[in-house]
Amino acid sequence: MKETVRIGMIGAGHIAHSHAEAWQKEASLTAVASRRVESARSLAERHGIPHVCRDASELLHRNDIDAVGIATPHHLHHPIALAALAAGKSVFCEKPLALDGSQAREMWSEARRRAAKTGVQSGIRLFPALRLLSRLLREGRAGNIHTFDAHWSFDWARDPGFPLTWRFRRAEAGTGALGDLGVYMIDAVRWLVGEIAQVNAELAVYIPRRPVLTSPGHFGELRRLHRAEQLEVSRETGPVENDDVCQVLLRFENGARGSIRASRLHQEHSIRIDCERTSYRWQMTGDRRLMERSKGAEYTPVEMPEPPGGGTIVTTFLQNIRRDEDKAPTFRDGLAAQLVIDAAVRSHETGGWVDVPNAEG
Ligand SMILES: NC(=O)c1ccc[n+]([C@@H]2O[C@H](COP(=O)([O-])OP(=O)(O)OC[C@H]3O[C@@H](n4cnc5c(N)ncnc54)[C@H](OP(=O)(O)O)[C@@H]3O)[C@@H](O)[C@H]2O)c1
């Protein structure tokens with residue numbers, strides 16, 4: 001059993017700050033690399049990380065690092081993860097795992113071939129009320145699941161003046177709202193309801209062009225400057241290449257049906273599950289309690305039988321390393337979600353139901 005896991009982070013942008021806090025709480029955060037060394041240095045100073053590397057390759061060749069955390073734009077997840085696995089590291093990767101299913105499959109099969117531990121970001125699984133919901137559904141007292149409906153939307157891109165960052169470009173981001181936000185609900189349904197057999201999806205762009213950025217910036221900083229009307233952008237605009245909004249109808253292997261809507265133009269976070277005997281609903285606003293309704297009754301809060309767990313997004317990954325386990329979410333879950341994303345894209349292009357391939361296939 002390995003008690004202290006030494007971590008190297010690649011990517012020092014917006015979400016990297018949350019990663020740094022999680023790693024420091026549960027492991028030994030040893031080094032950081034980014035595209036611009038000044039970003040890595042600034043993250044290192046803020047979080048007290050001892051080593052700053054010139055680039056990802058330098059970090060991967062350090063022998064005082066056991067595991068690598070990837071927090072970069074989506075197109076870099078695949079090459080960095082493969083290089084990290086080749087260097088003998090365990091790998092934790094931000095979502096979505098890759099740009100498409102073939103990249104994700106290669107990442108998962110390479111990890112398996114090397115018997116490496118992997119993890120993928122899945123913050124949804126940390127909400128105490130949803131952990132309770134998962135347990136209640138598994139215990140089966142609500143009966144068979146009939147329908148699942150979820151919204152996962154953040155309105156950071158609602159203003160057409162928000163600039164054209166990598167998130168709007170297919171080569172760097174892949175899909176838009178679907179891969180950036182819908183992926184959370186794809187992971188949630190696989191966890192709460194079961195495997196998805198078929199999808200029928202529509203992807204929409206409402207703001208087709210956006211102003212070009214004049215200098216690079218991290219997501220949170222761009223949002224802050226934009227809100228304060230202090231962000232410099234060019235008069236020139238460029239095309240938005242992926243979806244602002246997606247809606248995906250789902251058919252599950254166990255006979256349940258469902259829908260997911262994700263948007264970067266609107267704000268809503270809710271999950272509703274209707275079963276034979278009970279309906280559940282949950283919202284990320286307010287007290288975030290799980291509500292339930294059985295026949296003839298109003299919705300009432302479900303009592304939380306256990307104190308909320310204090311885990312972070314990296315807890316399971318680190319436990320898998322320490323205990324030599326492979327508990328979800330691993331790259332296999334990232335691959336399964338990616339296959340649903342690919343099927344949704346095909347459905348949008350062809351206009352009908354599309355089968356979701358098996359992650360083991
Ligand atoms: N933003 C959120 O709220 C959020 C939430 C959950 C998950 N995520 C996920 O987290 C990941 C990163 O998103 P973000 O919002 O943090 O992006 P971001 O703020 O744009 O930061 C991206 C980071 O990646 C670095 N990078 C770019 N090219 C690189 C390269 N070739 N080698 C090494 N590093 C490189 C950037 O380098 P520089 O510092 O040099 O510019 C920057 O540090 C994505 O997978 C995203 O889906 C984001």
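Whatever order the structure lists ligands and atoms in, that order sets their numbers, starting from 1.
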S.K.: Test your reading of the structure: does Ala12 have an N or O sitting under 3.5 Å from an N or O of ligand 1?
M.R.: yes
S.K.: Could you check whether any side-chain N or O of Asp155 sits under 3.5 Å from a backbone N or O of Arg158, counting only pairs where one atom can act as donor and the other as acceptor?
M.R.: no
S.K.: Within a distance under 4.0 Å of any heavy atom of His77, pick out the atoms of ligand 1 and give their elements.
M.R.: 45 (O)
S.K.: In this structure, which one of Asn320, Asp324, Thr330 forms a side-chain hydrogen bond (donor to acceptor under 3.5 Å, both in side chains) with Lys117?
M.R.: Asp324
S.K.: Do you know which of Arg210, Arg227, His226 makes side chain to side chain contact (heavy atoms under 4.5 Å, CB included) with Asp159?
M.R.: His226
S.K.: Which atoms of ligand 1 sit under 4.0 Å from any heavy atom of Tyr184?
M.R.: 5 (C), 6 (C), 7 (C)
S.K.: Which option, Thr72, Ile15, Ile313, Leu97, owns the non-hydrogen atom nearest atom 44 (C) of ligand 1?
M.R.: Thr72
S.K.: Using a strict 4.0 Å cut-off to heavy atoms of His74, name the atoms of ligand 1 that fall inside it.
M.R.: 44 (C), 45 (O), 46 (C), 47 (O)
S.K.: Less than 4.0 Å between a side-chain N and a carboxylate O, is that true for Arg293 and Glu298?
M.R.: no
S.K.: Give me the ring orientation class for His77 and His74: parallel if the planes are under 30° apart, tilted from 30 to 60°, perpendicular past 60°.
M.R.: tilted
S.K.: Below 30° counts as parallel, above 60° as perpendicular, anything between as tilted: where do the rings of Phe219 and Trp156 land?
M.R.: perpendicular
S.K.: For ligand 1, is Glu38 a contact, meaning one of its heavy atoms is under 4.0 Å away?
M.R.: no
S.K.: Is there a heavy atom in Ala71 that sits closer than 4.0 Å to ligand 1?
M.R.: yes
S.K.: Do the charged groups of Arg272 and Asp149 touch, with an N to O distance under 4.0 Å?
M.R.: no
S.K.: Applying a 4.0 Å heavy-atom criterion (strictly less than), which segment of Met9 is in contact with ligand 1: side chain, backbone, both, or neither?
M.R.: neither
S.K.: Considering only heavy atoms of Asp180, which atoms of ligand 1 have at least one such atom less than 4.0 Å away?
M.R.: 47 (O)
S.K.: Can you confirm, on distance only, whether ligand 1 has an N/O atom lying under 3.5 Å from any N/O atom belonging to Gly220?
M.R.: no
S.K.: If you have a sec, work out which protein heavy atom is nearest atom 1 (N) of ligand 1 and how many Å separate them, to one decimal?
M.R.: His14 CD2, 3.1 Å
S.K.: Please work out which of Lys95, His19, Glu94 has its closest non-hydrogen atom nearest to atom 47 (O) of ligand 1.
M.R.: Lys95
S.K.: Tell me whether ligand 1 is touched by Trp166 - counting only heavy atoms on the residue side and a distance under 4.0 Å.
M.R.: yes
S.K.: Among Arg223, His75, Arg35, which one has a heavy atom closest to atom 41 (O) of ligand 1?
M.R.: Arg35
S.K.: Tell me whether Glu221 is salt-bridged to Arg224, with the criterion being a basic N under 4.0 Å from an acidic carboxylate O.
M.R.: yes
S.K.: Between Ser18, Gly13, Pro73, which one has a non-hydrogen atom sitting closest to atom 24 (O) of ligand 1?
M.R.: Pro73
S.K.: Using a strict cut-off of less than 4.0 Å between a Lys/Arg side-chain nitrogen and an Asp/Glu carboxylate oxygen, indicate whether Glu21 and Lys25 qualify as a salt bridge.
M.R.: no
S.K.: May I ask you to say whether Arg167 pairs ionically with Glu172, meaning some side-chain N is under 4.0 Å from a carboxylate O?
M.R.: no
S.K.: Measure the distance from atom 40 (O) of ligand 1 to every protein heavy atom, then report the residue, atom name and distance (to 0.1 Å) of the closest one.
M.R.: Arg36 N, 2.6 Å
S.K.: Starting from atom 37 (O) of ligand 1, which protein heavy atom do you reach first, and at what distance in Å?
M.R.: Ser34 OG, 2.9 Å
S.K.: Does Arg114 pair with Glu110 as a salt bridge, N-O distance under 4.0 Å?
M.R.: yes
S.K.: Side chain or backbone of Gln121 under 4.0 Å from ligand 1, or both, or neither, by non-hydrogen atoms?
M.R.: side chain
S.K.: Measuring from non-hydrogen atoms of Arg167 to any atom of ligand 1, is the shortest distance under 4.0 Å?
M.R.: yes
S.K.: Check this for me: does any side-chain nitrogen of one of Asp187 and Arg125 sit under 4.0 Å from a carboxylate oxygen of the other?
M.R.: yes
S.K.: Tell me the contacting part of Leu76 for ligand 1: side chain, backbone, both, or neither, using a 4.0 Å heavy-atom threshold, strictly below.
M.R.: side chain
S.K.: Enumerate the atoms of ligand 1 whose separation from the nearest heavy atom of His218 is less than 4.0 angstrom.
M.R.: 19 (O), 38 (P), 39 (O), 41 (O), 42 (C), 43 (O)
S.K.: Is Arg6 salt-bridged to Asp64, going by a charged N under 4.0 Å from an acidic O?
M.R.: no
S.K.: Would you kindly specify which portion of Ile80 sits under 4.0 Å from ligand 1, judged on non-hydrogen atoms: side chain, backbone, both or neither?
M.R.: neither
